[in-house]
**Q** 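Okay, here's the structure, questions in a sec.
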Amino acid sequence: MEIIFQLLDCDYIQLNGSPVIRLFGKTKDGKTVCGFLKNYFPYFYVIPKGDLKENLKNFSQLIVKIEETEKFLPIGFQSKKTKLTKITVSDPSRVPEIRDWIKDRNLAEEIFEADILFKYRFMADFNIFGMRWYKISGHNINTTTVRAEKNIEVEKIEEVSDSDIAPLKYLSIDIEVAAGETLPDPKKDPIAMISLSFSPQFEGRESLVLVAKPIKMKDAIGFRSEKEMLEEFVKIIEKFDPDVITGYNINNFDLPYIAERLRQCKINLAIGRCAYKPMATRKITQKFRNSITGRIIADVYEIIKEVTEKGQAKIFKLKRYGLGDVAKEVLNESKLDLMRSEITKYWDGTEEQIQKLVEYCRKDSVLALRLLLEKSLLDKFIEIARITGLLLQDVLESGETARIENILIREFNKQDYVLPLKPTSKEILLRKEEREAKGLKGALVLEPEIGLHKNIVYLDFKAMYPSIFIAFNICPTTLLIGNGNENLEFITTPSGAKFVSKNVREGIIPKIVRHLINERDRIKKAMSIAANEYERKILDAKQDALKIVANSFYGQTGYVRSRLYVLDIANAITSCGRSLIQQTKKIVESDPRFKVIYGDTDSIMVKTPSDDLDKIFEFGKEIEEKVNSALKGIVQMKIDSIFKTLLILSKKRYAGLKVEKLNGQYQEKVIMRGIETVRRDWCDLSSETLMNVIEIILKEGNSKKAFDYVRNVLQDLEKGNIPLEKLVITKSISKSLKEYKGVQPHIELWKKLRKRSPATAPGIGDRIAFVIIKGPQLMSERAEDPEYVKAHGLKIDSRYYIESQILPPLERVFEALKISKSELLGIGKQVVLTDIVEKARKNELSSGLIDKFICSKCNQIYRRVPLSGKCECGGNIIFYSTIA
DNA sequence: TAATGGTAGGGGAGGAAAACGGTCGCCTAT
DNA sequence: TATTGATAGGCGACCGTATTCCTCCCCTAC
C-alpha cells in the first residue's frame with residue numbers, strides 16, 4: 001500500500017516501552033492519513049568523565065545502547081573529530097532526567113543534543129519537513145486510537161516534490177459568555193453560545209451557531225443546557241474533522257475557556273485526531289498555548305499582529321487589532337456592534353435580543369475565517385515550515401530561534417557535527433554580562449543631508465548579512481579560537497575575528513544561507529513566468545519566507561539564549577557591514593557627479609546631476625556596476641528605486657516621491673519612512689495633516705499652499721469640527737503595571753480602566769486608545785478613553801492637539817525646508833486668537849456660550865476671572881467655553 | 001525534553017539637576 | 001580733621017522659575 005500526503009502534524013506515543021512516531025497528513029483528494037513508525041529511539045552525545053556505563057547503571061532498563069563515535073565539535077574550527085559517547089534511550093520523555101543526572105553529578109565534560117524534541121530528532125534524521133509531501137509505503141493497520149481514514153505502518157518514506165497545498169478543512173470558532181460586568185470565569189460561568197464557520201461547507205452550511213437555550217432559528221441549534229451544547233460541539237468537530245482550527249484571539253480566550261468548560265461538564269477533551277490525547281492548554285506567562293493532535297490552531301489575531309508588526313506589512317498596517325478594526329480595514333466589512341456589557345443583557349432578554357446576539361457571535365467567526373482565507377494568511381507560514389522543517393503549528397507559535405535551530409540540527413548532523421545544548425540560565429547570565437562588557441555594535445547609519453533633494457537614486461545591497469556570512473565564511477565551525485592553526489588560510493574581519501577560508505572548509509551557516517539565497521533567486525525568476533495568479537501567490541510567499549529565514553541567522557549569533565551565540569561572530573558580521581557601507585560611499589563619491597546624501601545599514605541614497613528620469617536610472621546602473629565590480633564576490637548592490645524628490649528630516653526619517661516605470665509610463669508614489677505618518681502612536685489627524693503637507697511639498701513644492709491647508713485644519717480643530725476618532729492616540733502596554741517607573745498617559749488610563757471595569761480592561765500586549773481632555777492635571781492624567789469621553793461629554797484639549805500633535809511634526813518638516821518655524825507657530829497662535837474674536841463677533845459671548853475662564857498654561861478653570869488676571873500658576877487667563 | 005532574534009535612532013513626557021533672575025541683607029565706598 | 005547719614009553699588013545667600021539634561025518608553029528602519 002502506497003499513499004502520498006502532505007505532512008500536517010507529527011507526534012509520538014509510548015507503546016510497550018518503545019516510542020511510536022505518528023505522522024498526520026492529508027492527501028490531494030482530501031483523505032486523512034496517519035503513518036506509524038516504530039523502532040526509532042531518542043539519543044544524545046556526551047564527552048564522558050569516567051566509566052559512563054557504570055555511572056548510568058541506575059538507568060540500565062531505559063538505555064538501549066551506549067556506543068563510541070566521532071564528531072566535530074560545534075564551536076571553533078576543528079581540524080579533526082572528537083571522540084564522543086552516543087547514548088540511545090527507549091523513552092523520549094525521560095531523556096531530560098538522564099541528561100540532568102549526568103550534569104548534576106558532573107559525569108561529563110560536555111553534553112550535546114540532549115534537548116532536541118523527539119519529533120524533531122526523528123524528522124531531522126529522516127529528512128522530513130513540515131508541510132512537504134511524502135510517499136509512504138507500508139501495510140494498513142486497524143486502530144481505534146487515531147481518527148484517520150488511512151492508517152498505515154510505515155516501511156518506507158520518501159519525499160515527493162510538490163508545491164501544492166492539500167485541500168484543507170477550516171473551522172472557525174467564537175464563543176460568547178454571559179458574565180455581566182465581571183471577567184468571565186471558566187470555572188463557573190457557562191458558555192452561552194458557540195459559533196462555527198466552515199470551509200468547505202459542513203452539511204450544506206457555511207456557519208452554525210450552537211446556543212445553550214432552546215431557541216429556534218436558521219443556521220442555529222438550540223440546546224437545553226450548556227452540557228448538551230458542548231457535546232454537540234465535540235461531535236461536530238469529529239464529523240467535520242477540520243485540519244485548521246481558527247478564530248480571533250482563540251489562543252488566549254476561546255480555546256482555554258472551552259477546555260475548562262469541557263472539564264467542568266465532564267466531557268472528553270480528546271477533540272484531536274488521537275482518540276485519547278486531550279487538547280492541551282498551557283499557560284506560559286500571560287499567554288496560553290494550545291495544541292490539538294493532528295490539527296493546526298491558527299489564531300488570526302496573532303497572525304495579523306505578527307505580519308503587521310514584524311514583517312514589512314505589505315498587506316496592511318493598523319493602529320489597533322480589534323476584529324472590528326481589522327475586518328473594516330482588510331475586508332471593508334463591519335463587525336456587528338455590541339458592547340461587552342450588553343451581552344448579558346441580550347442573553348437574558350427577549351427572543352429577538354438573543355437572535356441578535358446569535359448573529360453577532362456568528363459574524364465574529366465568519367470574519368476571522370474570511371480574513372484567514374481571503375488574505376491567504378497561512379501561505380507564508382506554510383512556506384517557512386517547508387524551508388525550516390518545523391511543523392506548521394510550531395512555525396505559528398514559536399519564534400525565530402526554533403526555526404533556525406531546526407535548520408541547523410539537520411545541516412550540522414549531515415556534516416558530522418554535534419549541536420550544543422541550549423544555554424542554562426546561568427550561562428545566559430554570563431553571556432549577558434559578556435555582552436554588557438564587550439558590547440555588540442550594530443549597523444552604521446550615515447549622517448544625512450537634511451532638506452529637500454531632487455533626482456535621487458536609492459540603492460541597497462542584496463541580502464547584506466547573509467552575503468557577509470558567505471563572503472567571509474563566517475560560522476562557529478570556522479572561527480579560529482586561540483593558537484595552533486596559524487598555518488591555515490584564513491580571513492580576518494574588521495572586528496579582528498578570524499575565520500578559516502572556504503578552501504579549508506566551508507562553514508555550515510554560509511552553506512545554508514547560500515542555498516537559501518540561490519533558491520530565492522530561482523523562485524523569483526519562476527515567479528515572473530508563473531502560469532497563474534494562484535501559482536504566483538505561492539511562489540511569492542515562498543520567496544518571502546526564504547528571505548525571512550536567511551535574514552534570521554545573524555540575530556541568532558547575538559542572541560544570548562541561542563545555541564549558536566558567539567559574540568565575536570555577531571560583532572564580526574556588523575563590522576563587515578559597517579566597513580562595506582563606508583567603502584561604498586567612497587566608491588560612489590570618487591565620481592564628482594555623485595553625492596551620497598544618506599544611507600542606513602545596507603543602503604545609500606545618491607544625488608545625481610540630472611532631471612531626466614531615464615538618465616537618473618542610467619546613473620543608478622552606472623553606480624551599481626561600479627560598486628559591484630569593486631566589491632565583487634562579497635556583496636551585490638542593486639537599484640531599489642528612483643526618487644524625483646526626497647525630503648530627509650533626520651536619520652531613519654524621510655519621505656520621497658518614488659517613480660516607477662509601469663508599462664512604459666512613469667508612476668509616482670509617495671514613500672514615507674519613520675515619520676509620524678507611519679507611526680501608530682500619533683493620532684490620525686496628525687498623520688493625515690502631515691501626509692497632505694508632505695505630499696504638497698513633494699509634488700508641488702508649494703509651502704504657501706501647505707500653510708493654508710494647515711491653517712484650515714487648526715481652525716477646524718479649534719471649532720471642534722474634527723471627529724473624535726481622528727484624535728485618538730494609541731500606545732501599547734508592554735509590561736505589567738508595577739514594572740512601569742515613569743508616568744505615562746496610556747498607563748495612567750490603563751489604571752483607570754482597570755478600576756472601572758476589570759472585565760473589559762485591556763491587558764499586556766494590547767494597544768490602548770486615548771484622547772487628551774481639558775483639565776488642570778498633567779497631560780498623562782488627562783488621557784481618557786474615547787468611549788468614556790463620548791458618554792460623559794468631556795471636552796477635548798484642542799490646545800494639546802495643536803501644540804503637541806499637529807504642530808511639532810510640521811515644524812520639523814518646515815525646519816528641514818529652512819522655513820522659520822515661528823511662522824508656523826504664528827498660525828497656531830493666530831487660530832486660537834481669531835477663533836475667540838470670531839465668536840465675540842458672532843455675539844456668542846453674550847449668548848452664554850462662553851461661561852468659564854481657563855488658564856492658557858495649566859488649563860485651570862475659573863468661573864470668574866481671578867482679580868489678579870493671572871492664574872495661580874502665573875499663566876494668562878483666557879476665555880473658555882464648555883460648549884465649543 | 002517550556003519559550004522568548006539584533007542594534008541604531010528619533011522623539012514625547014516627566015522629573016531631576018543646573019542655571020538664571022530677583023530680592024534681601026550686609027558691607028563698603030563715596 | 002573726625003564723625004555721621006544717605007546712598008549707590010558689589011556680593012553672597014536664598015528662593016522661585018525657566019531651561020536643560022537625563023531617563024523611561026514607544027515605535028520605527030534596517
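Letters A, B, ... are given to chains in the order of the sequence lines, protein chains preceding strands, and every chain is numbered from 1. Computed from a predicted structure; not experimentally measured.
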**Q** Can you confirm whether the side chains of A:Glu397 and A:Asn251 place a donor and an acceptor under 3.5 Å from each other?
**A**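 Absent: no donor and acceptor within the cut-off.
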**Q** What is the nucleic acid contact for A:Tyr12, judged by heavy atoms within less than 4.0 Å: base, sugar-phosphate only, or nothing?
**A** nothing
**Q** Looking across every strand, which nucleic acid part, if any, lies under 4.0 Å from A:Lys119 by heavy atom: base, sugar-phosphate, or nothing?
**A** nothing
**Q** Tell me the interatomic distance from A:Arg673, atom CZ, to C:dA29, atom C1', rounded to whole angstroms.
**A**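 Roughly 8 Å, once rounded to whole Å.
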**Q** Does the side chain of A:Asp602 come under 3.5 Å of the side chain of A:Tyr465 through a donor N or O and an acceptor N or O?
**A**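 No - no donor-acceptor pair under 3.5 Å links their side chains.
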**Q** Quick test of your reading of the model: are A:Arg410 and A:Asp125 salt-bridged, counting only N-O distances below 4.0 Å?
**A** no
**Q** Taking the P atom of each, how far is B:dG5 from C:dC30, in whole Å?
**A**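 Approximately 22 Å lies between the P atom of B:dG5 and that of C:dC30.
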**Q** How many whole angstroms separate atom NZ of A:Lys652 from atom P of C:dT28?
**A** 13 Å
**Q** Under a 4.0 Å N-O cut-off, is there an ion pair linking A:Asp394 with A:Lys119?
**A**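 Yes, charged N to carboxylate O under 4.0 Å.
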**Q** Assess whether a salt bridge exists between A:Arg679 and A:Glu676, defined as any Lys/Arg side-chain N lying under 4.0 Å from an Asp/Glu carboxylate O.
**A** no
**Q** Under a 4.5 Å cut-off applied to non-hydrogen side-chain atoms, are A:Gln393 and A:Asp9 in contact?
**A** no
**Q** Under the salt bridge (Lys or Arg N to Asp or Glu O under 4.0 Å) test, which residues partner A:Lys86, sequence neighbours left out?
**A** none
**Q** Check the side chains of A:Ser579 and A:Gln583 for a donor-acceptor pair under 3.5 angstrom, ignoring hydrogens and angles.
**A**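 On atom types as modelled, these side chains qualify, holding a pair under 3.5 Å.
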**Q** Which is true for A:Glu739 with a 4.0 Å heavy-atom rule: it touches a base, it touches only sugar-phosphate, or it touches nothing?
**A**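 A:Glu739: backbone/sugar contact only, no base atoms under 4.0 Å.
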**Q** Whether the A:Arg680 and A:Thr730 side chains hold a donor-acceptor pair (N or O, under 3.5 Å, no angle test) is what I'd like checked.
**A**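 No donor-acceptor contact under 3.5 Å links the two side chains.
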**Q** With heavy atoms of chain A within less than 4.0 Å as the criterion, where does contact along DNA chain B begin and end?
**A** B:dT1 to B:dG15
**Q** Please enumerate all residues that pass ring pair (Phe, Tyr, Trp, His ring centres under 6.0 Å) together with A:Phe44, with sequence neighbours excluded.
**A** none
**Q** Can you check whether A:Phe122 and A:Tyr40 have ring centres sitting under 6.0 Å from each other?
**A** yes
**Q** Does the pair A:Glu427/A:Lys422 count as a salt bridge with the N-to-O cut at 4.0 Å?
**A** no
**Q** Within the structure shown, what part of the strands sits under 4.0 Å from A:Arg767 by heavy-atom distance: base, sugar-phosphate, or nothing?
**A** sugar-phosphate
**Q** Taking OH from A:Tyr740 and P from C:dC25, how many angstroms apart are they, rounded to a whole number?
**A** 7 Å
**Q** Distance check, C1' atoms only: C:dA29 and B:dA3, in whole angstrom units.
**A** 27 Å
**Q** Give A:Ser398 one of three labels, base, sugar-phosphate or nothing, depending on what nucleic acid heavy atoms sit under 4.0 Å from its own.
**A** sugar-phosphate
**Q** Under the 6.0 Å and 45° cation-pi test, does A:Lys735 pair with A:Tyr740?
**A**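 So A:Lys735 does make the cation-pi contact.
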**Q** Report the nucleotide, chosen from C:dC25, C:dC26, C:dC30, that has the shortest atom-to-atom distance to any side-chain atom of A:Asp600.
**A** C:dC30
**Q** For the residue pair A:Tyr321 and A:Thr308, confirm or rule out a side-chain donor-acceptor distance under 3.5 Å.
**A**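 Result is yes, a qualifying pair exists.
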**Q** Which residues within residues 88-96 of chain A lie with some heavy atom under 4.0 Å of an atom in DNA chain B?
**A**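 When residues 88-96 of chain A is checked for heavy atoms under 4.0 Å from DNA chain B, the hits, listed by number, are A:Pro92, A:Val95, A:Pro96.
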**Q** Without decimals, in angstroms, what is the distance between A:Met464 CE and C:dA29 C1'?
**A**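 Those two atoms, CE and C1', are 14 Å apart.
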**Q** For a quick check of understanding: with a heavy-atom distance under 4.0 Å over all strands, which category does A:Phe553 fall into, base, sugar-phosphate or nothing?
**A** nothing
**Q** Does any donor-acceptor pair link the side chain of A:Arg679 with the base of C:dC27 at a separation under 3.5 Å?
**A** yes
**Q** For A:Ile747, report the nucleic acid contact type (base, sugar-phosphate, nothing); a contact means any heavy atom under 4.0 Å.
**A**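 Touches nothing.
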**Q** When the ring planes of A:Phe770 and A:His746 are compared, do they come out parallel, tilted or perpendicular, using 30° and 60° as the limits?
**A**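 Answer is parallel, since the angle falls under 30°.
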**Q** Rounded to the Å, how far apart are A:Asp640 CG and C:dC30 P?
**A**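 That distance rounds to 9 Å.
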**Q** Over all strands shown, is A:Lys287 touching base, sugar-phosphate only, or nothing at heavy-atom distances under 4.0 angstrom?
**A**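 The residue A:Lys287 makes no contact with any strand.
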**Q** Using a heavy-atom cut-off of 4.0 Å across all strands, would you classify A:Pro808 as base, sugar-phosphate, or nothing?
**A** sugar-phosphate
**Q** Is A:Gly555 touching bases, backbone alone, or none of the nucleic acid, heavy atoms closer than 4.0 Å?
**A** base
**Q** Mind checking if A:Ala402 touches a base, just sugar-phosphate, or nothing, with heavy atoms under 4.0 Å?
**A**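 No contact at all - A:Ala402 keeps every heavy atom at 4.0 Å or more from the nucleic acid.
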**Q** Base, sugar-phosphate, or nothing: which does A:Asp115 touch, judged by heavy atoms less than 4.0 Å apart?
**A** base
**Q** Near DNA chain B, which residues from residues 556-567 of chain A have a heavy atom under 4.0 Å away?
**A**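 Nucleic-acid contacts, sorted: A:Gln556, A:Gly558, A:Tyr559, A:Arg561.
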**Q** Could you tell me the separation between the CD1 atom of A:Ile764 and the P atom of C:dC25, rounded to a whole number of Å?
**A**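 Spelled out: CD1 on A:Ile764 to P on C:dC25 is 13 Å.
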**Q** Within residues 729-737 of chain A, find the residues that approach DNA chain C with a heavy atom at under 4.0 Å, and present them sorted by residue number.
**A**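 Output list: A:Lys731, A:Ser732, A:Ser734, A:Lys735.
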**Q** For A:Asp460 and C:dC30, what is the distance between atoms CG and C1' respectively, to the nearest whole Å?
**A** 10 Å
**Q** Check whether A:Tyr12 forms a cation-pi arrangement with A:Arg22 (NZ or CZ under 6.0 Å from the six-membered ring centre, at most 45° off the ring normal).
**A**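 Not flagged: A:Arg22 not positioned over aromatic ring of A:Tyr12.
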**Q** What does A:Tyr654 touch in the nucleic acid at a heavy-atom separation under 4.0 angstrom: a base, only the sugar-phosphate, or nothing?
**A**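 Result for A:Tyr654 = sugar-phosphate.
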**Q** Over all strands shown, is A:Tyr43 touching base, sugar-phosphate only, or nothing at heavy-atom distances under 4.0 angstrom?
**A** nothing
